[in-house]
Q: 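Okay, handing you the structure first.
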Amino acid sequence: MNVKPIKTEQNYMEALERLEVIFDAKPGTKEGDELEILGILLEKYENENFPIELPDPIEAIKFRMEQLNYSQNDLAEIIGLKSRASEILNKKRKLSLEMIRKLTDKLHIPSEVLIQAY
């Protein structure tokens, strides 16, 4: 096992190639330990060099509604009035703390997505 920090794109590519070779390693073996450490190093490099931004809060709500086959009426049942749901979806009204709590609970959208400015 010759694991070293991933500092360059070349190191990253080499680590990915090694990962492919040992991908099916059994836990508790020498290669299994290498796989675990390599995974941690790759994740760190990717988080630093390829960050994924959080989605727009309203787009996240629309996406989740589509996944659940919810209508605007279903959203209104969660957050209150139908007109309020329309204003939220059209970005004419901001989400309140209470709405964020309800949407997190009912639609399982992480609160860190919903609290962002839009």
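Hydrogens, waters and symmetry mates are skipped; everything else that's a heavy atom, side chains included, is used.
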Q: Looking at Asn90 and Lys92, would you say the former's side chain and the latter's main chain have a donor-acceptor pair under 3.5 Å?
A: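 No; zero donor-acceptor contacts below 3.5 Å.
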
Q: For a quick test of reading the model, state the closest non-hydrogen atom pair linking Pro55 to Gln116 and the distance between them.
A: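 Nearest heavy atoms, Pro55 then Gln116: O-NE2, 2.8 Å.
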
Q: Under the 3.5 angstrom rule, does the side chain of Asp74 hit a backbone N or O of Ser71 as a donor-acceptor pair?
A: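 It does hold such a pair.
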
Q: List for me each residue that meets side-chain contact (heavy atoms from CB on, under 4.5 Å) alongside Asp33, sequence neighbours excluded, and say none if there are none.
A: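 Partners of Asp33 by the side-chain contact (heavy atoms from CB on, under 4.5 Å) criterion come out as none, since no residue qualifies.
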
Q: Using ring-ring contact (aromatic ring centres under 6.0 Å, His included) as the criterion, list what pairs up with Tyr45, not counting sequence neighbours.
A: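 Counting only residues at least two positions away or on another chain, Tyr45 forms a ring-ring contact (aromatic ring centres under 6.0 Å, His included) with Tyr12.
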
Q: Side-chain contact, heavy-atom cut-off 4.5 Å: Met99 with Arg84?
A: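 Side chain of Met99 against side chain of Arg84, heavy atoms only: contact under 4.5 Å found.
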
Q: What pairs of donor and acceptor atoms, side-chain ones from residues 17-26 against any protein atom, are under 3.5 angstrom apart with sequence neighbours left out?
A:
residue	atom	partner	partner atom	Å
Arg18	NE	Glu34	OE2	2.9
Arg18	NH2	Glu34	OE1	2.9

Q: Quick check for you: to the nearest 0.5 Å, what is the distance between Ile52 atom CD1 and Glu46 atom CD?
A: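 It is 8.5 Å, given to the nearest 0.5 Å.
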
Q: Could you check if a side-chain atom of Pro110 sits within less than 4.5 angstrom of a side-chain atom of Val113, using non-hydrogen atoms only?
A: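 Touching, per the 4.5 Å side-chain cut-off.
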
Q: Report the distance from atom CG of Asn11 to atom CG of Leu16, rounding to the nearest 0.5 Å.
A: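 Going from the CG atom of Asn11 to the CG atom of Leu16 covers 11.0 Å.
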
Q: Working to the nearest 0.5 angstrom, can you tell me the gap between Asn73 CG and Lys82 NZ?
A: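 Interatomic distance, Asn73 CG to Lys82 NZ, rounded to 0.5 Å: 4.0 Å.
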
Q: Look at atom CD of Glu9 and say whether more than 12 heavy atoms of other residues, nucleotides or ligands are closer to it than 6.0 Å.
A: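 No, CD of Glu9 has 12 or fewer neighbouring heavy atoms, counting only those of other groups under 6.0 Å.
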
Q: Could you pull out all residues at least two apart from Tyr118 that satisfy ring-ring contact (aromatic ring centres under 6.0 Å, His included)?
A: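 Counting only residues at least two positions away or on another chain, Tyr118 forms no ring-ring contact (aromatic ring centres under 6.0 Å, His included).
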
Q: Check Asp56 against Ile58 and note the closest heavy-atom contact, atom names and distance.
A: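 Looking at all heavy atoms of both residues, the closest pair is OD2-N, 3.1 Å.
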
Q: Please answer: with hydrophobic residues joined when any side-chain heavy atoms are less than 4.5 Å apart, are Ile61 and Ile115 in the same cluster?
A: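 Yes: a chain of side-chain contacts under 4.5 Å links Ile61 to Ile115.
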
Q: Are Ile40 and Val3 connected into the same hydrophobic cluster when the rule is that any two of I, L, V, M, F, W, Y join if their side-chain heavy atoms are below 4.5 Å apart?
A: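 No, it is not one cluster - the side chains of Val3 and Ile40 are not joined through contacts under 4.5 Å.
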
Q: Would you check if Leu89 and Met65 make a side-chain contact, meaning some heavy-atom pair closer than 4.5 Å?
A: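 Answer yes - side chains close enough.
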
Q: What pairs with Asn47 under side-chain contact (heavy atoms from CB on, under 4.5 Å), at least two apart in sequence or on another chain?
A: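 Once residues adjacent in sequence are excluded, the partners of Asn47 under the side-chain contact (heavy atoms from CB on, under 4.5 Å) criterion are Glu43.
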
Q: Could you tell me whether the side chain of Leu75 reaches within less than 4.5 Å of the side chain of Leu103, counting heavy atoms only?
A: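 Answer yes - side chains close enough.
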
Q: Do other residues, nucleotides or ligands put more than 12 heavy atoms under 6.0 Å from the CD atom of Glu87?
A: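 It does: Glu87 CD has more than 12 such atoms within range.
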
Q: Quick one: does any side-chain atom of Arg93 pair with a main-chain N or O of Ile88 as donor and acceptor, under 3.5 Å?
A: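 Looks like no, no N/O pair under 3.5 Å.
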
Q: What closest approach, in Å, do Leu68 and Leu107 show between heavy atoms, and which atom pair accounts for it?
A: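 Of all heavy-atom pairs spanning Leu68 and Leu107, the closest is CD1-CD2, 3.6 Å.
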
Q: What's the spacing between Leu35 CG and Leu42 CG if we round to 0.5 Å?
A: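 The CG atom of Leu35 sits 9.5 Å away from the CG atom of Leu42.
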
Q: Minimum heavy-atom separation for Ser111 and Ile100, please, with both atom names.
A: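 The pair with the smallest heavy-atom distance is CB-CG2, 4.2 Å.
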
Q: Ignoring hydrogens and geometry, is there a side-chain-to-backbone donor-acceptor pair from Asp105 to Arg101 under 3.5 Å?
A: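 Not a single qualifying donor-acceptor pair exists.
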
Q: Can you name the closest pair of heavy atoms from Ala85 and Ile79 and give their distance?
A: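 Answer, listing the atom of Ala85 first, then Ile79: CA-CD1, 3.7 Å.
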
Q: For the CG atom on Asn69, are there more than 12 heavy atoms of other groups (residues, nucleotides or ligands in this structure) within a distance under 6.0 Å?
A: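 Not buried by this count: 12 neighbours or fewer within 6.0 Å.
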
Q: Just wondering, are more than 12 heavy atoms of other shown residues or ligands nearer than 6.0 Å to NZ in Lys44?
A: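 At most 12 heavy atoms, drawn from other residues, nucleotides or ligands, come within 6.0 Å of this atom.
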
Q: Does the pair Glu66/Lys62 count as a salt bridge with the N-to-O cut at 4.0 Å?
A: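 Looking at Glu66 and Lys62, the cut-off is not met.
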
Q: Would you compute the distance between atom CD1 of Ile78 and atom OH of Tyr70 and round it to the nearest 0.5 angstrom?
A: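 Rounded to the nearest 0.5 Å, the CD1-OH separation comes to 5.5 Å.
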
Q: Between atom NZ of Lys102 and atom CG of Leu95, what is the distance when rounded to the nearest 0.5 Å?
A: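 Result: 12.0 Å between the selected atoms.
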
Q: ring-ring contact (aromatic ring centres under 6.0 Å, His included): which pairs involve residues 78-98, sequence neighbours left out?
A: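 Residue pairs passing ring-ring contact (aromatic ring centres under 6.0 Å, His included), neighbours aside: none found.
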
